[in-house]
Amino acid sequence: MEVGGDTIEDVLLRRPWLPVRISGCQLLTKSWFGDAAYRILLTDMHCVWEERMDAAAIQSRAQELNRRLRASVEAFFSHLCEVAQPCLSGGAGRAGGEAQISLTRQDDGSISVRLKSELAGLPFYWEFHCSPAPGALACAQLVRPLLVMSRLLQQQVEQLGGLLVRKDAEIQDYRENGATLSRERLQTEVFEELTYREDFLAKTLPVLWAEASDSLGFGADLQQLYAAAVAHRERRVSEERPAAEPSADVGSVSSEASPDVRNQNPNQQVETSSVKTTDRPAAQQFSHVSVLQRVPPLPAERQASKPKKKKVGLFR
(Lines give C-alpha, C1' and ligand atoms only; values in the text may rest on other atoms or scores of the structure.)
Protein backbone atom coordinates (compact mmCIF):
# COMPACT_ATOMS: atom_id res chain seq x y z
CA MET A 1 0.00 0.00 0.00
CA GLU A 2 1.22 3.51 -0.85
CA VAL A 3 0.32 6.90 0.61
CA GLY A 4 1.03 9.85 -1.64
CA GLY A 5 3.78 7.89 -3.40
CA ASP A 6 5.33 6.62 -0.15
CA THR A 7 4.94 3.14 1.24
CA ILE A 8 3.46 2.67 4.70
CA GLU A 9 6.93 1.56 5.86
CA ASP A 10 8.27 4.96 4.75
CA VAL A 11 5.55 6.81 6.65
CA LEU A 12 6.08 4.72 9.80
CA LEU A 13 9.85 5.16 9.64
CA ARG A 14 9.46 8.93 10.02
CA ARG A 15 7.53 8.51 13.25
CA PRO A 16 9.40 7.96 16.51
CA TRP A 17 8.62 5.14 18.90
CA LEU A 18 6.32 6.24 21.71
CA PRO A 19 6.38 4.66 25.19
CA VAL A 20 3.09 3.23 26.48
CA ARG A 21 2.11 0.95 29.35
CA ILE A 22 -0.69 -1.56 28.80
CA SER A 23 -1.74 -4.06 31.48
CA GLY A 24 1.52 -3.43 33.33
CA CYS A 25 3.61 -4.14 30.23
CA GLN A 26 6.00 -1.40 29.06
CA LEU A 27 5.93 -1.09 25.27
CA LEU A 28 7.10 1.13 22.44
CA THR A 29 4.54 1.79 19.71
CA LYS A 30 4.21 3.22 16.22
CA SER A 31 0.95 3.62 14.37
CA TRP A 32 -0.54 4.98 11.18
CA PHE A 33 -4.26 5.54 10.60
CA GLY A 34 -5.42 6.37 7.08
CA ASP A 35 -8.90 6.91 5.63
CA ALA A 36 -10.14 3.40 6.41
CA ALA A 37 -6.96 1.46 7.10
CA TYR A 38 -4.31 1.30 9.78
CA ARG A 39 -0.92 -0.16 10.60
CA ILE A 40 0.52 -0.53 14.12
CA LEU A 41 3.85 -1.75 15.50
CA LEU A 42 4.51 -2.78 19.12
CA THR A 43 7.68 -3.94 20.83
CA ASP A 44 8.79 -4.85 24.34
CA MET A 45 12.44 -5.16 23.17
CA HIS A 46 12.06 -8.93 23.16
CA CYS A 47 9.81 -9.10 20.12
CA VAL A 48 8.25 -6.77 17.54
CA TRP A 49 4.58 -7.27 16.64
CA GLU A 50 2.55 -5.73 13.84
CA GLU A 51 -0.96 -5.60 12.42
CA ARG A 52 -2.18 -4.10 9.17
CA MET A 53 -5.88 -3.77 8.31
CA ASP A 54 -7.81 -2.46 5.31
CA ALA A 55 -11.40 -1.25 5.06
CA ALA A 56 -12.93 -4.68 4.38
CA ALA A 57 -11.12 -6.31 7.31
CA ILE A 58 -12.08 -3.46 9.64
CA GLN A 59 -15.75 -3.72 8.65
CA SER A 60 -15.76 -7.48 9.18
CA ARG A 61 -14.11 -7.34 12.61
CA ALA A 62 -16.25 -4.40 13.77
CA GLN A 63 -19.46 -6.28 12.95
CA GLU A 64 -18.16 -9.47 14.52
CA LEU A 65 -17.28 -7.74 17.80
CA ASN A 66 -20.26 -5.35 17.87
CA ARG A 67 -23.35 -7.22 16.71
CA ARG A 68 -25.73 -4.69 18.25
CA LEU A 69 -24.22 -1.80 16.28
CA ARG A 70 -25.08 -1.08 12.67
CA ALA A 71 -22.89 1.54 11.05
CA SER A 72 -20.69 2.14 8.02
CA VAL A 73 -17.01 1.29 8.05
CA GLU A 74 -16.26 5.02 8.06
CA ALA A 75 -18.25 5.49 11.30
CA PHE A 76 -16.57 2.50 12.95
CA PHE A 77 -13.14 3.64 11.85
CA SER A 78 -13.65 7.26 12.89
CA HIS A 79 -14.56 6.19 16.41
CA LEU A 80 -11.70 3.67 16.51
CA CYS A 81 -9.21 6.41 15.62
CA GLU A 82 -10.65 8.69 18.29
CA VAL A 83 -10.18 6.19 21.11
CA ALA A 84 -7.20 4.15 19.88
CA GLN A 85 -4.72 6.81 18.86
CA PRO A 86 -4.39 8.37 22.36
CA CYS A 87 -4.00 4.90 23.87
CA LEU A 88 -1.27 3.98 21.39
CA SER A 89 0.62 7.24 21.89
CA GLY A 90 0.85 7.15 25.68
CA GLY A 91 -1.96 9.68 26.12
CA ALA A 92 -4.84 7.58 27.45
CA GLY A 93 -5.72 10.49 29.71
CA ARG A 94 -6.62 12.74 26.76
CA ALA A 95 -9.30 12.22 24.12
CA GLY A 96 -9.52 8.49 24.58
CA GLY A 97 -9.41 8.57 28.36
CA GLU A 98 -12.80 6.86 28.63
CA ALA A 99 -11.54 3.80 26.74
CA GLN A 100 -10.41 0.69 28.60
CA ILE A 101 -7.39 -1.06 27.14
CA SER A 102 -5.82 -4.41 27.99
CA LEU A 103 -3.20 -6.73 26.54
CA THR A 104 -3.15 -10.52 26.35
CA ARG A 105 -0.28 -12.74 25.16
CA GLN A 106 -1.23 -15.72 23.02
CA ASP A 107 0.40 -19.16 23.04
CA ASP A 108 1.53 -18.77 19.43
CA GLY A 109 3.64 -15.71 20.30
CA SER A 110 1.15 -13.10 19.11
CA ILE A 111 -0.54 -10.52 21.32
CA SER A 112 -4.09 -9.17 21.47
CA VAL A 113 -4.82 -5.59 22.53
CA ARG A 114 -8.47 -5.07 23.46
CA LEU A 115 -10.30 -1.74 23.57
CA LYS A 116 -13.69 -1.00 25.11
CA SER A 117 -15.51 2.31 24.77
CA GLU A 118 -18.95 3.66 23.87
CA LEU A 119 -20.39 4.49 20.46
CA ALA A 120 -23.88 6.00 20.19
CA GLY A 121 -24.59 5.02 23.80
CA LEU A 122 -23.72 1.35 23.23
CA PRO A 123 -20.53 -0.54 24.15
CA PHE A 124 -17.95 -0.57 21.38
CA TYR A 125 -15.30 -3.29 21.32
CA TRP A 126 -12.17 -3.59 19.25
CA GLU A 127 -9.21 -5.97 19.21
CA PHE A 128 -5.78 -5.50 17.65
CA HIS A 129 -4.43 -8.93 16.70
CA CYS A 130 -0.68 -8.38 16.42
CA SER A 131 1.60 -11.13 15.14
CA PRO A 132 5.42 -11.23 15.28
CA ALA A 133 6.94 -8.99 12.62
CA PRO A 134 9.61 -10.24 10.19
CA GLY A 135 13.22 -9.54 11.04
CA ALA A 136 13.69 -7.17 8.10
CA LEU A 137 10.89 -4.94 9.36
CA ALA A 138 12.26 -4.90 12.92
CA CYS A 139 15.73 -3.96 11.65
CA ALA A 140 14.44 -1.20 9.37
CA GLN A 141 12.06 0.37 11.91
CA LEU A 142 14.00 -0.12 15.16
CA VAL A 143 17.50 -1.60 15.07
CA ARG A 144 19.04 0.50 12.30
CA PRO A 145 17.76 3.88 13.61
CA LEU A 146 18.87 3.01 17.15
CA LEU A 147 22.39 2.17 15.91
CA VAL A 148 22.57 5.50 14.08
CA MET A 149 21.39 7.31 17.22
CA SER A 150 23.99 5.49 19.32
CA ARG A 151 26.80 6.49 16.96
CA LEU A 152 25.56 10.07 16.86
CA LEU A 153 25.51 10.33 20.66
CA GLN A 154 29.00 8.82 20.86
CA GLN A 155 30.35 11.46 18.50
CA GLN A 156 28.65 14.14 20.55
CA VAL A 157 30.29 12.83 23.73
CA GLU A 158 33.70 12.83 22.05
CA GLN A 159 33.29 16.43 20.89
CA LEU A 160 32.11 17.55 24.34
CA GLY A 161 35.12 15.83 25.92
CA GLY A 162 37.44 17.71 23.58
CA LEU A 163 35.69 20.96 24.43
CA LEU A 164 36.19 20.35 28.16
CA VAL A 165 39.90 19.77 27.63
CA ARG A 166 40.16 23.08 25.79
CA LYS A 167 38.22 24.85 28.53
CA ASP A 168 40.66 23.48 31.13
CA ALA A 169 43.57 24.84 29.06
CA GLU A 170 41.87 28.24 28.89
CA ILE A 171 41.28 28.32 32.65
CA GLN A 172 44.89 27.31 33.30
CA ASP A 173 46.07 30.20 31.13
CA TYR A 174 43.98 32.60 33.19
CA ARG A 175 45.51 31.28 36.39
CA GLU A 176 49.03 31.55 35.06
CA ASN A 177 48.35 35.22 34.33
CA GLY A 178 47.24 35.88 37.92
CA ALA A 179 43.47 35.39 37.73
CA THR A 180 41.72 33.86 40.74
CA LEU A 181 38.14 32.71 41.38
CA SER A 182 35.92 35.16 43.21
CA ARG A 183 33.95 32.24 44.70
CA GLU A 184 35.82 29.14 45.83
CA ARG A 185 32.78 26.90 45.40
CA LEU A 186 33.09 27.30 41.63
CA GLN A 187 36.41 25.47 41.63
CA THR A 188 36.35 22.34 39.38
CA GLU A 189 38.75 19.49 38.80
CA VAL A 190 40.67 19.08 35.57
CA PHE A 191 38.70 16.83 33.22
CA GLU A 192 40.23 13.37 32.73
CA GLU A 193 38.28 11.47 30.10
CA LEU A 194 39.30 7.96 31.14
CA THR A 195 38.61 8.59 34.83
CA TYR A 196 35.27 10.17 34.05
CA ARG A 197 34.21 7.29 31.80
CA GLU A 198 35.09 4.62 34.36
CA ASP A 199 33.30 6.50 37.15
CA PHE A 200 30.24 7.11 34.96
CA LEU A 201 29.91 3.44 33.98
CA ALA A 202 30.41 2.26 37.56
CA LYS A 203 27.66 4.53 38.89
CA THR A 204 25.15 4.53 36.03
CA LEU A 205 25.03 0.93 34.77
CA PRO A 206 23.78 -0.56 38.08
CA VAL A 207 21.01 2.03 38.19
CA LEU A 208 19.91 1.32 34.62
CA TRP A 209 19.77 -2.44 35.17
CA ALA A 210 17.91 -1.97 38.45
CA GLU A 211 15.25 0.06 36.62
CA ALA A 212 14.62 -2.45 33.85
CA SER A 213 10.90 -1.66 33.76
CA ASP A 214 11.65 1.91 32.72
CA SER A 215 14.43 1.10 30.26
CA LEU A 216 12.06 1.56 27.29
CA GLY A 217 11.48 5.21 28.11
CA PHE A 218 11.71 6.82 24.66
CA GLY A 219 11.53 10.39 25.96
CA ALA A 220 11.10 13.62 24.04
CA ASP A 221 14.85 14.12 23.48
CA LEU A 222 15.29 10.62 22.04
CA GLN A 223 12.20 11.06 19.87
CA GLN A 224 13.72 14.23 18.40
CA LEU A 225 17.07 12.52 17.92
CA TYR A 226 15.32 9.64 16.16
CA ALA A 227 13.53 12.09 13.85
CA ALA A 228 16.80 13.90 13.09
CA ALA A 229 18.60 10.65 12.26
CA VAL A 230 15.80 9.43 9.99
CA ALA A 231 15.45 12.83 8.28
CA HIS A 232 19.18 12.91 7.49
CA ARG A 233 19.04 9.44 5.95
CA GLU A 234 15.92 10.47 4.03
CA ARG A 235 17.73 13.42 2.44
CA ARG A 236 20.76 11.28 1.65
CA VAL A 237 18.71 8.54 -0.01
CA SER A 238 16.70 11.14 -1.92
CA GLU A 239 19.90 12.71 -3.27
CA GLU A 240 21.45 9.38 -4.25
CA ARG A 241 18.37 7.87 -5.93
CA PRO A 242 17.77 8.84 -9.58
CA ALA A 243 14.58 10.82 -10.07
CA ALA A 244 12.94 8.14 -12.22
CA GLU A 245 13.81 5.22 -9.98
CA PRO A 246 10.87 3.91 -7.93
CA SER A 247 11.27 3.51 -4.17
CA ALA A 248 11.89 -0.17 -3.43
CA ASP A 249 14.01 -0.16 -0.27
CA VAL A 250 11.95 -0.84 2.86
CA GLY A 251 14.29 1.26 5.00
CA SER A 252 14.48 4.23 2.60
CA VAL A 253 12.28 7.27 2.88
CA SER A 254 11.37 10.17 0.60
CA SER A 255 12.29 13.76 1.26
CA GLU A 256 8.85 14.96 2.40
CA ALA A 257 5.78 13.45 3.99
CA SER A 258 2.75 13.63 1.74
CA PRO A 259 0.03 16.21 2.45
CA ASP A 260 -2.50 13.38 2.81
CA VAL A 261 -0.59 11.85 5.70
CA ARG A 262 -0.26 15.20 7.44
CA ASN A 263 -3.97 15.87 7.13
CA GLN A 264 -5.05 12.41 8.20
CA ASN A 265 -3.10 12.26 11.43
CA PRO A 266 -1.75 15.64 12.56
CA ASN A 267 -1.33 14.49 16.18
CA GLN A 268 1.30 11.96 15.23
CA GLN A 269 2.93 13.80 12.31
CA VAL A 270 6.70 13.92 12.64
CA GLU A 271 8.49 16.75 10.87
CA THR A 272 11.54 15.63 8.86
CA SER A 273 13.82 18.09 10.64
CA SER A 274 12.63 17.73 14.26
CA VAL A 275 9.81 16.51 16.48
CA LYS A 276 7.76 19.15 18.27
CA THR A 277 7.15 18.32 21.92
CA THR A 278 4.26 19.93 23.75
CA ASP A 279 5.47 19.37 27.28
CA ARG A 280 8.96 20.88 26.91
CA PRO A 281 10.00 24.49 26.23
CA ALA A 282 11.56 25.20 22.87
CA ALA A 283 14.91 26.02 24.45
CA GLN A 284 15.22 22.44 25.68
CA GLN A 285 14.32 20.78 22.40
CA PHE A 286 17.06 18.74 20.80
CA SER A 287 18.56 20.01 17.56
CA HIS A 288 20.38 17.56 15.38
CA VAL A 289 22.24 20.45 13.78
CA SER A 290 23.84 21.44 17.08
CA VAL A 291 24.94 17.85 17.72
CA LEU A 292 26.97 17.75 14.55
CA GLN A 293 28.61 21.13 14.97
CA ARG A 294 32.36 20.90 14.90
CA VAL A 295 34.45 22.18 17.77
CA PRO A 296 36.54 25.07 16.39
CA PRO A 297 40.26 24.24 16.11
CA LEU A 298 42.82 25.51 18.56
CA PRO A 299 44.52 28.72 17.44
CA ALA A 300 48.00 28.16 16.11
CA GLU A 301 49.58 30.75 18.39
CA ARG A 302 48.43 32.63 21.43
CA GLN A 303 48.62 36.40 21.33
CA ALA A 304 51.34 38.04 23.32
CA SER A 305 50.51 38.70 26.95
CA LYS A 306 49.02 42.13 27.55
CA PRO A 307 49.44 44.27 30.68
CA LYS A 308 47.28 42.96 33.47
CA LYS A 309 43.98 44.71 33.90
CA LYS A 310 41.48 44.63 36.67
CA LYS A 311 39.22 41.59 36.10
CA VAL A 312 35.54 41.31 36.97
CA GLY A 313 33.08 38.41 37.19
CA LEU A 314 34.34 34.94 38.15
CA PHE A 315 38.02 35.91 38.01
CA ARG A 316 39.75 38.90 39.54
Side-chain angles (χ1 to χ4, degrees), residues 1-3 7-9 11-12 15 17-134 137-138 141 216 260-261 263-269:
M1 181 184 296
E2 293 189 356
V3 179
T7 65
I8 300 302
E9 284 77 8
V11 178
L12 282 174
R15 297 179 176 171
W17 292 88
L18 303 176
V20 299
R21 181 179 290 275
I22 303 175
S23 299
C25 181
Q26 185 70 33
L27 301 168
L28 295 177
T29 71
K30 279 188 177 192
S31 60
W32 168 83
F33 289 84
D35 289 330
Y38 70 77
R39 177 86 175 274
I40 66 171
L41 297 176
L42 300 169
T43 180
D44 60 356
M45 289 301 178
H46 295 284
C47 182
V48 178
W49 298 274
E50 68 164 341
E51 184 183 42
R52 58 187 81 189
M53 295 281 281
D54 57 16
I58 291 173
Q59 179 74 11
S60 175
R61 184 177 297 176
Q63 293 179 348
E64 178 184 350
L65 297 175
N66 304 275
R67 299 185 181 279
R68 297 174 60 188
L69 290 173
R70 291 293 181 269
S72 64
V73 63
E74 290 78 12
F76 281 129
F77 189 73
S78 176
H79 181 72
L80 176 62
C81 292
E82 181 181 349
V83 298
Q85 290 188 40
C87 293
L88 295 177
S89 61
R94 299 198 295 270
E98 73 279 3
Q100 300 176 19
I101 185 170
S102 62
L103 182 146
T104 304
R105 297 178 182 269
Q106 308 297 332
D107 295 336
D108 60 357
S110 62
I111 61 174
S112 178
V113 178
R114 294 182 173 87
L115 279 174
K116 179 183 178 182
S117 62
E118 286 189 2
L119 175 60
L122 295 174
F124 175 81
Y125 301 93
W126 186 259
E127 295 181 1
F128 295 98
H129 299 163
C130 302
S131 58
L137 177 64
Q141 295 287 341
L216 300 186
D260 293 339
V261 176
N263 294 334
Q264 291 165 2
N265 195 6
N267 291 333
Q268 295 185 2
Q269 174 64 27

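Computed from a prediction, not measured in an experiment: that's the story for all the values here.
Of the inter-residue distances, the one linking Asp54 atom CG with Asp35 atom CG reads 13.0 Å to the nearest 0.5 angstrom. The line from CZ of Phe33 to CE of Met53 is 11.0 Å long, rounded to the nearest 0.5 Å. Considering NZ of Lys116 and CD1 of Ile101, their distance stands at 14.5 Å, rounded to 0.5 Å. Atoms OG1 and CG, from Thr43 and Leu27 in turn, are 8.0 Å apart once rounded to the nearest 0.5 Å. The distance from atom CD1 of Ile22 to atom CZ of Arg114, rounded to the nearest 0.5 Å, is 12.5 Å. For the atom pair OG1 of Thr29 and CG of Leu42, the computed distance is 6.5 Å after rounding to the nearest 0.5 Å.
With sequence neighbours excluded, the residues satisfying salt bridge (charged side-chain N to carboxylate O under 4.0 Å, His left out) with Arg61 are Glu51. With sequence neighbours excluded, no residue satisfies side chain to side chain donor-acceptor pair (under 3.5 Å) with Ser112.
Ile111 pairs with exactly one of Cys25, Pro132, Cys130 by the side chain to side chain contact (heavy atoms under 4.5 Å, CB included) rule, that one being Cys130. A side chain to side chain contact (heavy atoms under 4.5 Å, CB included) with Glu127 is found for exactly one of Leu115, Leu65, Val113, namely Leu65.
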Taking it one step at a time, do Leu119 and Leu69 satisfy side chain to side chain contact (heavy atoms under 4.5 Å, CB included)?
CA-CA 8 Å; Leu119 175 60; Leu69 290 173; 4.1 Å; yes
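Residue Cys87 comes nearest to Val20 through the heavy atom pair O-CG1, 3.7 Å, listed as atom of the first residue, atom of the second, then distance. Nearest heavy-atom pair, Ser117 versus His79, reported as atom, atom and distance to 0.1 Å: OG-NE2, 2.8 Å. Of all heavy-atom pairs spanning Gly109 and Trp49, the tightest one is O-NE1, 2.8 Å. Nearest heavy-atom pair, Leu12 versus Ser31, reported as atom, atom and distance to 0.1 Å: CD2-C, 3.8 Å. Taking each heavy atom of Pro19 and Gln26 in turn, the nearest pair found is CB-NE2, 3.8 Å.
Using cut-offs of 30° and 60° on the angle between ring planes, the pair Phe124 and Trp126 is parallel. In this structure, Phe77 and Tyr38 have parallel ring planes: the angle between them is below the 30° cut-off, well short of the 60° mark.
Proximity of Lys30 to Arg39: side-chain heavy atoms (C-beta onward) are nowhere separated by under 4.5 Å.
Checked by atom type and distance alone, the side chain of Trp17 pairs as donor or acceptor with a backbone atom of Gln141 at under 3.5 Å.
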